[in-house]
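Keep in mind it's a predicted model, so treat the numbers as computed, not measured.
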Amino acid sequence: MRVYYLSWLKNKIIKGEDFDSHGKSGFVDVGGMEGCTHYKFVRYASMRFLCIALKSQNRVEVFAWAPKPYHKFMAFKSFCDLANKPVMVDMFAHGGVSLKLIYCSAQGFHTIDLDKGVVFDLFT
C-alpha cells in the first residue's frame, strides 16, 4: 500500500518527471502490506485514519495520520485472524464517543469496536 504525494503525481503527469527537484520518492509505503482488497480514508474530528482490508490474511489494519514532524500514517490498530475474509471496510463514530469499524464479507456485515477489539455480527 502506498500513499502518493499529489505534487509528485502532478509533475509526473504534466511534466513527465520521475522525481521532484529534491530527488525524493513520490510516495510513502504504509505498513509494507500486499493484497489490499479495499481501503477507506476517514476523518473524525481532527484525526485522520486509513482503514485497510486484507483478504488473503483475514485481517483489517487501521492507521492514524501523524502530523508534524512525522507526516505519515502510523499503525493504530490491527485485527488479525478474523472469522470472515474482509471485502470492504469503513469506520464511523458511534454516538460521537467510540469508534467502530465495519466490514463486509461474503457471509455478511460485521463491526469491530476499536476500544474493546470485540467483533460483532451485524447481518449474516
Point to revise | Heavy-atom closest contact (His110 atom, Ser105 atom, distance) | key: NE2-OG, 2.8 Å

Could you pull out all donor-acceptor pairs under 3.5 Å where a side-chain atom in residues 67-81 meets a protein atom, sequence neighbours excluded?
unit_1: Lys77; atom_1: NZ; unit_2: Leu114; atom_2: O; d: 3.1
unit_1: Ser78; atom_1: OG; unit_2: Glu61; atom_2: OE1; d: 3.4
unit_1: Ser78; atom_1: OG; unit_2: Glu61; atom_2: OE2; d: 2.8

Check your understanding: So, for Ile102 and Leu122, which heavy atoms are closest and what is the spacing to 0.1 Å?
Key -> CD1-CD1, 3.4 Å

Revision key, fill the gap. Shortest non-hydrogen pair, Ile52 vs Cys36, comes out as CG2-SG, 3.6 Å

Check your understanding: Taking a hydrophobic cluster as the set of Ile, Leu, Val, Met, Phe, Trp and Tyr residues connected by side-chain heavy atoms closer than 4.5 Å, whether directly or through intermediates, do Met47 and Met91 fall within one such cluster?
Key -> yes

Review point. Does some side-chain heavy atom of Leu50 sit less than 4.5 Å from a side-chain heavy atom of Trp65?
Key: no

Review point. Tyr103 and Ile112: which non-hydrogen atoms are nearest, and at how many Å?
Key: CE2-CD1, 3.9 Å

Practice item. May I ask you to decide if Ala53's main-chain N or O and Thr37's side chain share a donor-acceptor pair within less than 3.5 Å? Key: yes

Exercise for review: Would you kindly confirm whether Val87 and Phe120 end up in one hydrophobic cluster when ILVMFWY residues are joined by side chain heavy atoms under 4.5 Å apart?
Suggested key: no

Check your understanding: Is it the case that one hydrophobic cluster holds both Tyr39 and Met88, taking links as side-chain heavy atoms less than 4.5 Å apart, direct or via other members?
Key -> no

Review point. At their closest point, which heavy atom of Cys51 faces which heavy atom of Val89, and how far apart are they?
Key: O-CG1, 3.7 Å

**Study point:** Atom NZ of Lys100: over 12 foreign heavy atoms under 6.0 Å
**Key:** yes

